[in-house]
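Indexing begins at 1, ligand by ligand and atom by atom, following the structure's order. What you see below is based on every heavy atom in this structure, not just the backbone, and it leaves out hydrogens, waters and symmetry mates.
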Amino acid sequence: MPDMENLTAVRLDEENGELLILDQTLLPNEIKILRFRKTGEIREAIRSLRVRGAPAIGIAAGFGAYLAVRHSPAADCRGILRDFLLAKDALASARPTAVNLFHALDRMEKRLRSVLDTSPAEARAALLAEASAIRDEDEAMCRAIGEKGLPLLAPGMGVLTHCNAGRLAASRYGTALAPIYVGMERGIRFKVFADETRPLLQGARLTAFELMAAGADITLLCDNMAAAVMRRGWIQAVLVGCDRVAANGDVANKIGTSGLAVLARHYGIPFYVLGPTSTIDMDCPSGEDIVIEERNASEVTDLWYAKPMAPRGVGVFNPAFDVTAHDLVTAIVTQHGVAHQPFGPALAAMAAAPAGEG
Ligand code: MRU
């Protein structure tokens, strides 16, 4: 098993001016670090899920925007701003649902605009500092999410998770998996069940991989088995991440999440959503306003299979995310604490607080 401490989803090699991305499309079979300089390459890496998970996408976009400016030949700050905005537009169009991407890019732009009357060297330094802060804050926030989420669980509980909201999707502790990692540091263990997460198998390929490497008790399920394990009484909590939380507490997360929430309600199991406040979008009043990414049909019909597994030409619907209605969510855990229904006021206060670890 690999040493997960040394496996980081995304980091900057400042000396060489390159972004290092652990290619998650190859996991668990191959560990390969890709090196990128160009905005187009970084956009493609986000688009094709070589780096994925809302916080990691935000970190990649922050460093990607910095690299565009680091390698820009512009001799003045007007030229730097022009090249930054081109890169920002390109990166922002990589994926539409995770709001962390847009938050990170807006933050970078705000920082750049605040130093436009200085030199290009100072502007570059300011962008490096901002992108590094986005990454550093993420690690602190994930740790705090683990601390705030752990008291919701009792030792030995069966917990079900969906997709991958662990350290491969964010810094070090992940979000939905953060209470599991923080618990393990304290000798508290859980029985974790991971949905394989069709069609891209983030649960099978990534969650199972990282939790096994960490020595956790992990059992893999096909997506259609969740009701069976709930009915047997094996699950006492569902923990999921989020790509965007609307102001009313509706949650966009990996396709299949809302079905789990319905099942959890049926079986009386608490359904917890965990994420940093950078995932809250106060400009989205409800889940109706969240843009849901639709991906290529071949991910459903062909990917992973030796032969096509559906008749050629069949109609396919392949949304990457769904929206879980806020009334199905027991609590939303951020670095600042645990919000219960009604979510609106609590989310507004959390989103307005400084990002820090809470
Ligand atoms: O398409 P993906 O793999 O980027 O989807 C990821 C998820 O849905 C995660 O649950 C979410 O981004 C939270 S990651 C901490």
Side-chain angles (χ1 to χ4, degrees), residues 9-10 21-25 27 45-61 94-104 135 137-139 141-146 149 160-181 194-211 223 238-245 251-261 271-281 290-296 299-300 303 318-324 329 332-335:
V10 54
I21 285 177
L22 169 65
D23 188 346
Q24 297 191 30
T25 65
L27 292 175
I46 296 172
R47 175 83 208 132
S48 60
L49 276 62
R50 295 181 204 289
V51 57
R52 33 70 48 206
I57 292 172
I59 296 168
R95 297 189 74 186
T97 305
V99 74
N100 311 56
L101 173 67
F102 310 103
H103 276 164
R135 184 219 32 226
E137 283 168 20
D138 187 64
E139 181 164 336
M141 291 190 295
C142 287
R143 163 98 212 168
I145 290 168
L160 176 65
T161 189
H162 190 66
C163 192
N164 173 263
R167 63 194 320 159
L168 289 167
S171 305
R172 206 172 156 82
Y173 292 90
T175 57
L177 300 190
I180 293 163
Y181 284 124
D195 284 341
E196 64 176 353
T197 316
R198 285 275 295 149
L200 294 182
L201 304 183
Q202 289 93 333
R205 296 187 305 104
L206 308 177
T207 299
F209 172 78
E210 65 165 82
L211 286 179
D223 294 342
V238 178
L239 305 180
V240 295
C242 43
D243 284 82
R244 198 183 292 226
V245 178
V251 173
N253 191 49
K254 180 52 53 190
I255 190 71
T257 301
S258 69
L260 278 185
F271 185 89
Y272 299 119
V273 174
L274 301 94
T277 47
S278 54
T279 313
I280 300 171
D281 186 356
I290 300 176
V291 179
I292 298 293
E293 175 183 4
E294 287 191 27
R295 297 185 62 87
N296 202 291
E299 290 180 350
V300 175
L303 193 68
N318 184 19
F321 303 97
D322 60 23
V323 173
T324 300
V329 176
I332 298 174
V333 183
T334 75
Q335 73 272 26

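Side-chain contact between Arg50 and Gln24: absent, with no pair of heavy atoms (C-beta onward) separated by less than 4.5 Å. Side chains of Lys254 and Phe321 form a contact here, defined as non-hydrogen atoms less than 4.5 Å apart. When side chains are defined from C-beta on, Thr161 counts as touching Leu177, because their heavy atoms get closer than 4.5 Å. Side-chain contact between Leu239 and Ile180: present, with at least one pair of heavy atoms (C-beta onward) separated by less than 4.5 Å. A heavy-atom distance below 4.5 Å is not found between the side chains of Val251 and Thr257. Looking only at side-chain heavy atoms (C-beta outward), Arg52 and Arg95 come within less than 4.5 Å of each other. Leu274 is listed as a side-chain neighbour of Pro179, based on a closest heavy-atom distance under 4.5 Å. Using a 4.5 Å heavy-atom cutoff, the side chains of Leu27 and Leu22 are in contact.
Residue contact check for ligand 1: Glu293 places no non-hydrogen atom closer than 4.0 Å to it. Heavy atoms of Ala98 come nearer than 4.0 angstrom to ligand 1 in no pair at all.
Under 4.0 angstrom from ligand 1, there are no non-hydrogen atoms of Thr279. Within the 4.0 Å heavy-atom criterion, the part of Gln202 lying near ligand 1 is the side chain and not the backbone. Residue Ala320 does not touch ligand 1, judged by heavy-atom distances below 4.0 Å. Heavy atoms from both the backbone and the side chain of Ala165 come within less than 4.0 Å of ligand 1.
Of the candidates Glu210, Arg205, Gln202, Leu168 forms a side chain to side chain contact (heavy atoms under 4.5 Å, CB included) with just one, namely Glu210.
Checked against a 3.5 angstrom limit, the closest N/O atoms of His162 and ligand 1 fall outside it. Ligand 1 has no N or O atom lying under 3.5 Å from any N or O atom of Pro55, backbone or side chain. At a 3.5 angstrom cut-off on N or O pairs, Arg52 counts as close to ligand 1.
For atom 10 (O) of ligand 1, the nearest non-hydrogen atom of the protein is Asn253 OD1, 2.6 Å. Nearest protein neighbour of atom 4 (O) of ligand 1, counting heavy atoms only, is Arg95 NH1, 2.8 Å. The single protein non-hydrogen atom nearest to atom 15 (C) of ligand 1 is Thr175 OG1, 3.0 Å, given as residue, atom name and distance. Counting protein heavy atoms only, atom 8 (O) of ligand 1 is closest to Asp243 OD1, 2.9 Å. The protein heavy atom nearest to atom 5 (O) of ligand 1 is Lys254 CE, 3.3 Å. Of the protein's non-hydrogen atoms, the one nearest atom 14 (S) of ligand 1 is Ala169 CB, 3.5 Å. Closest protein heavy atom to atom 12 (O) of ligand 1: Ala54 N, 2.8 Å.
In this structure a side-chain-to-backbone donor-acceptor pair under 3.5 Å is missing from His162 to Gly241.
The closest side-chain donor-acceptor pair between Asp195 and Thr197, if any, does not fall under 3.5 angstrom.
Counting the atoms of ligand 1 from 1 in the order shown, those under 4.0 Å from a heavy atom of Leu49 are 1 (O).
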